[in-house]
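Single-structure report; data block below.
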Amino acid sequence: MTLQDLILKLSAYWASHGCLLQQPLDLEVGAGTSHPETLFRVLGPRPWSVAYVQPSRRPDDGRFGQNPNRVFKHHQFQVILKPSPDEVQQLYLDSLEACGINPRQHDIRFEEDNWESPTLGAWGIGWQVLLDGLEITQFTYFQQVGGLDLAPISCEITYGLERIAMFLQRVDNMFDLEWGGGVKYGEVRLQEEIEQSKYAFGQVDMPPAEFAALHRDLFDKYFGLSEKLLASGLVWPALEHCLKCSHLFNILDSSGSIGVTERTAYILRVRQLAVRIAKAYVGDDGSRAAD
Amino acid sequence: MDRELLIEIGCEEIPASWLPGLTSQVARHLEARLKEYRLAPGAPIESFSTPRRLTARVARLSERQTDLEEVLTGPPISAAFTPGGEPTPAAAGFAKKYNVDVTALERHETPRGTYLAYRLRQRGKAAVDVLADVMAALLRDLTFPKQMRWDAYLEDGKGDLVFARPIRWIVLLYGGRVVPFVIRRTESSQGPLVQDIRSGANTYGHRFLTTSGRAGRAIKVKTFEDYQARLLENFVILDRGERENRIRRELETHARRLSARVSPQVTMQSALLQEVPDLVEYPSVVAGHFSVEFLDLPEEVLTTTMIHHQHYFPVVDEDGRLKPAFLAVINMQPEKPELIARNSERVLTARLRDARFFWDADRKVPLESRIERLSTILFHKKLGSYREKAERVASLSAWIAAEAFKRPELAIHAERAGRLSKADLATEMVRELTELQGTMGGIYAREENLPEEVWKAIYYHYLPIGVEADAPPTRQQLGAAAVPWAAVSLADKLDSVVGMLSAGERPTGSRDPLGLRRQAQGVVKVLADLPELTGVDERLTLGPLLARAAEPFGGYKDSAPQLFSFMADRLTYLLEQRGFDVRNVRAVMSGSIENVSPLEARRKLEALVQMSGSAALLEVAGLLKRVKNITKGVTGPTLDRHAVRLTEPAEAALLAEIERRAPAIRDAAARGEYRDAFAEVASFQPSVAKFFDDVLVMAEDETLRTARLALVATLRDIIVNLADISEIAETQQPQHVEK
């Protein structure tokens with residue numbers, strides 16, 4: 001099964017179980033959780049079920065396309081079920097079967113793995129799902145997002161698409177995956193990986209101090225803009241610019257541009273902004289999210 | 001008639017490490033609740049667990065609560081009736097409260113007098129009518145290391161029901177019949193896909209395995225016996241011991257087929273064998289292989305990757321060398337085990353390939369140059385980065401080697417190892433395999449041809465973990481690095497403990513996320529076993545070490561009381577773990593912890609064990625207790641000034657004894673020959689006993705009294721300075737009251 005077939009199968013499966021099919025957030029984020037379709041929709045009482053692919057950037061994981069398993073940008077298939085149905089584990093297992101994984105022939109396990117995002121003021125309880133020892137999915141019952149207790153509880157299912165595709169295609173190097181129509185993953189993404197890794201680690205034609213200063217400056221500008229947008233009651237664009245800050249922080253971090261005290265301070269700034277945005281989204285009386 | 005109670009809480013996968021604790025919680029809390037609800041068990045309470053269920057069974061439980069009979073007292077009789085025998089308003093009011101006539105009340109004798117009383121008799125309810133309340137209470141009683149909300153509540157008025165993971169079904173059977181019980185779902189979650197959970201007679205077997213029908217379908221049960229049998233038919237082994245035995249058997253069989261055995265590292269560095277039975281409902285084992293080329297990697301990297309990251313069991317040949325194979329415990333009875341084995345091999349190979357990448361990349365840069373990067377890794381928000389920590393550890397290590405151990409020639413190695421001790425935190429390998437911190441730094445230092453004194457000091461510096469006398473590392477393992485290792489190991493832990501406590505961090509109850517207890521235990525363990533570990537025979541007291549470690553933080557600030565009591569607790573723990581009598585431990589731990597040397601404490605305890613048959617010592621202990629009582633407040637006695645007053649034969653004899661034995665005790669203690677010192681103390685017995693028989697300490701004459709108090713206080717100080725053996729005095733002898 002090609003990578004794009006896998007996406008089609010999962011999309012069809014979850015659509016048939018009542019999920020809206022959304023599109024990726026058109027911004028640089030580290031995970032599908034940052035998408036407002038997750039971050040905002042899990043807040044407040046309104047039921048919401050959605051599925052989408054999210055290209056996810058982890059500057060620190062950049063390996064110049066040389067590591068068979070680790071990349072600057074990978075792809076997640078994200079499912080949010082709110083409220084979480086009683087049969088959610090079975091629904092998930094059926095989705096694997098829909099992708100051609102027969103649970104009776106493998107060893108599928110739910111092992112404790114809780115999730116936390118300090119920058120988003122979010123955490124949840126759950127498992128990593130292991131398929132014959134391979135971690136293929138993060139399964140989380142959100143407890144808090146933006147520092148707010150959630151009710152009802154949403155379930156987040158995050159499939160690692162490359163991992164699952166590698167398992168299905170029995171390839172050991174991500175770049176050998178067939179993306180679709182005979183085209184390899186490496187043909188689509190290798191050059192991008194090399195260039196993005198160079199950027200992430202500050203291998204840019206400018207002095208490191210200047211590189212750092214520029215990114216700090218960008219961070220401050222986006223941060224200021226996000227605050228202005230928030231003050232104007234525009235929570236969607238405010239979130240987007242907060243996410244910009246989060247990514248810039250990741251770049252500052254991966255390029256070794258910040259010290260430890262500063263690092264903690266950056267995380268705290270982003271978190272406080274995210275919490276304020278989440279509160280504004282819900283509204284003081286929760287009215288907005290109940291629309 | 002007694003009938004069987006069967007409870008099963010069907011759950012989504014509960015974390016493996018919680019199950020042993022939860023299993024015993026279920027039994028404990030159920031027992032307490034049954035008692036509270038006056039339901040008498042006619043058999044012990046049994047509890048079981050698998051990842052998807054917590055089960056309790058009481059083979060015989062009374063059908064009805066015991067009747068309640070309670071005497072409720074009202075006003076005293078004197079206030080209850082008028083002299084004419086008419087009930088007073090107080091009596092009438094009391095009767096009205098229970099809706100009875102005054103004539104139905106009785107007289108109740110108490111030590112305080114006779115009271116008007118009402119005997120309340122309540123007939124016990126049927127068990128089936130109270131078991132739902134027991135069930136609710138039980139669910140509320142269970143506690144978890146981390147709990148979750150899942151849109152559930154109980155109708156007990158206490159709101160949200162938090163749990164380990166969502167509950168999916170409840171079996172609640174009494175005498176084979178369902179006791180109605182319900183877990184409600186919150187309004188905001190309720191809908192066709194989210195429903196209340198009602199108790200029933202249905203359990204569920206293995207998620208994927210079945211001999212007939214659809215896997216995971218409901219299975220109706222009636223009794224525990226039936227329940228356990230039906231579960232087994234449906235590939236769930238309820239008994240954890242059976243799962244563990246099965247795993248052990250299969251591991252052995254598969255290892256034998258590989259002409260190998262399970263690596264001893266599994267039990268030495270992990271709890272994997274304890275963990276796997278709680279990860280599976282129906283275990284079996286598959287064997288896999290990896291390419292021999294990976295055997296070039298350090299063994300530590302291979303075993304850590306297998307054990308900690310994949311939960312696989314590494315295997316070794318008869319010489320203890322790692323084989324390119326592993327065993328995996330799976331939760332299946334697979335049709336094609338080779339399919340799972342091949343997939344597991346691919347996962348492990350990918351991990352090992354990563355490890356090889358890290359191994360090659362890390363070795364391109366010397367450890368020394370990674371120290372710079374440590375400034376980006378936080379140790380603690382108030383204590384700075386790991387770079388700062390490494391500098392403190394380096395300086396403290398050098399001081400310990402030179403000043404405390406008196407081995408200045410090794411200080412340079414200790415300093416260097418201390419400075420490099422945290423450098424591996426900036427390596428790719430340790431960022432990926434955090435369990436290898438320290439170990440990896442040592443290996444990289446070895447690869448760089450740093451001397452054994454340095455690389456081994458880094459390699460082992462997180463150790464010791466246990467407090468046992470033979471906890472690793474051994475002198476033999478340490479080789480030439482023994483002294484620098486002890487210096488770095490102590491410095492690292494002292495810095496963490498003193499620093500963290502001064503920063504306001506405190507371990508509480510079962511919570512100790514920074515591992516401060518383990519680190520403090522490491523400190524006292526190294527000090528207590530210093531000669532065996534390093535050949536350095538120094539009885540170091542804790543005070544100067546703690547004070548030196550506190551210097552970079554500007555002293556203890558206000559943390560001194562907590563720090564001292566924390567260290568005292570950890571040393572007490574170590575000594576008690578070594579099997580020493582708690583009273584002996586208290587005896588050698590008397591006084592300020594700053595003046596306690598763990599090694600000295602240990603040796604005194606060993607001496608006390610040798611002296612344990614000495615009746616004389618025990619008698620002195622009893623007399624010391626008396627002396628302590630009467631000399632409270634007598635400090636720093638100056639015997640010389642009073643000696644002239646002591647003219648009674650018994651007091652003169654005791655004075656002479658003290659003058660003779662005091663230097664002997666002091667010298668024996670200074671040489672570390674505590675058995676001799678205690679023997680000297682025991683020899684005081686006749687003269688002290690005679691003194692108390694013949695002499696009245698609390699004499700009328702004040703100067704005489706002062707002199708006698710000074711005499712016994714001197715004796716007290718000599719003994720207590722060695723050990724406060726009044727702690728080991730036998731239970732209260734009949735006390736003479738001093739007049």
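In the text below, chain A, chain B and the rest are named by the order of the sequence lines, each starting its count at 1.
Using a 4.5 Å cut-off between heavy atoms, A:E111 contacts chain B through its side chain alone, with no backbone atom that close. With a 4.5 Å cut-off on non-hydrogen atoms, B:P334 does not touch chain A at all. Proximity to chain A is absent for every atom of B:Q190, based on heavy atoms less than 4.5 angstrom apart. With a threshold of 4.5 angstrom between heavy atoms, A:N173 does not approach chain B through any atom at all. Contact of A:R163 with chain B is not made at all, since no heavy-atom distance falls under 4.5 Å. Contact of B:R52 with chain A is not made at all, since no heavy-atom distance falls under 4.5 Å. Only the side chain of A:D60 comes within contact range of chain B, judged by heavy atoms closer than 4.5 Å.
A distance of 9.0 Å separates CD1 of A:I267 from CG of B:L378, quoted to the nearest 0.5 Å.
Remark: side-chain polar atoms of B:R207 are not paired, donor with acceptor, to backbone N or O of A:R109 under 3.5 angstrom. In this structure, the side chain of A:W127 engages the main chain of B:E13 through a donor-acceptor pair within 3.5 Å. At distances below 3.5 Å, not a single donor-acceptor pair connects side-chain atoms of B:D151 with backbone N or O atoms of A:A151. Checking side-chain atoms of B:R149 against main-chain N and O of A:Q143 turns up a donor-acceptor pair under 3.5 Å. Between the side chain of A:D107 and the main chain of B:N331, a donor-acceptor pair closer than 3.5 Å is present.
Residues B:F208 and A:L93 are in side-chain contact: their nearest non-hydrogen atoms beyond the backbone lie under 4.5 Å apart. In this structure, A:N69 and B:D354 have side chains that are in contact, with non-hydrogen atoms separated by less than 4.5 Å.
Counting all heavy atoms, side chain and backbone alike, B:V194 lies closest to A:P85 at CG2-CA, 4.1 Å. Taking all atoms of both residues into account, the shortest heavy-atom contact from B:R373 to A:D253 is NH2-O, 4.4 Å. Between B:S189 and A:P152 the shortest heavy-atom distance is CB-CB, 4.0 Å. In this structure, B:M332 and A:P103 approach most closely via the heavy-atom pair CE-O, 3.8 Å. Considering every non-hydrogen atom in both B:Y312 and A:G133, the closest pair reads OH-CA, 3.8 Å. The two residues A:E112 and B:P15 come nearest to each other via the heavy atoms OE1-CB, 3.3 Å.
Top candidate by heavy-atom pairs under 4.5 Å with chain A, chosen from B:R387, B:K146, B:R346, is B:R346.
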B:F357 and A:R70: CA distance, side-chain angles, deciding distance, side-chain contact (heavy atoms from CB on, under 4.5 Å) verdict: CA-CA 12 Å; B:F357 177 84; A:R70 204 175 294 235; over 6 Å; no
Just do the side-chain contact (heavy atoms from CB on, under 4.5 Å) check on A:V88 and B:E12 with the steps written out, would you? CA-CA 10 Å; A:V88 63; B:E12 295 182 357; 4.3 Å; yes
Walk me through whether A:H106 and B:N343 qualify under side-chain contact (heavy atoms from CB on, under 4.5 Å). CA-CA 9 Å; A:H106 297 282; B:N343 287 329; 3.6 Å; yes
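Side-chain contact check for A:Q89 and B:R168: no donor-acceptor pair (N or O, by modelled atom type) lies under 3.5 Å.
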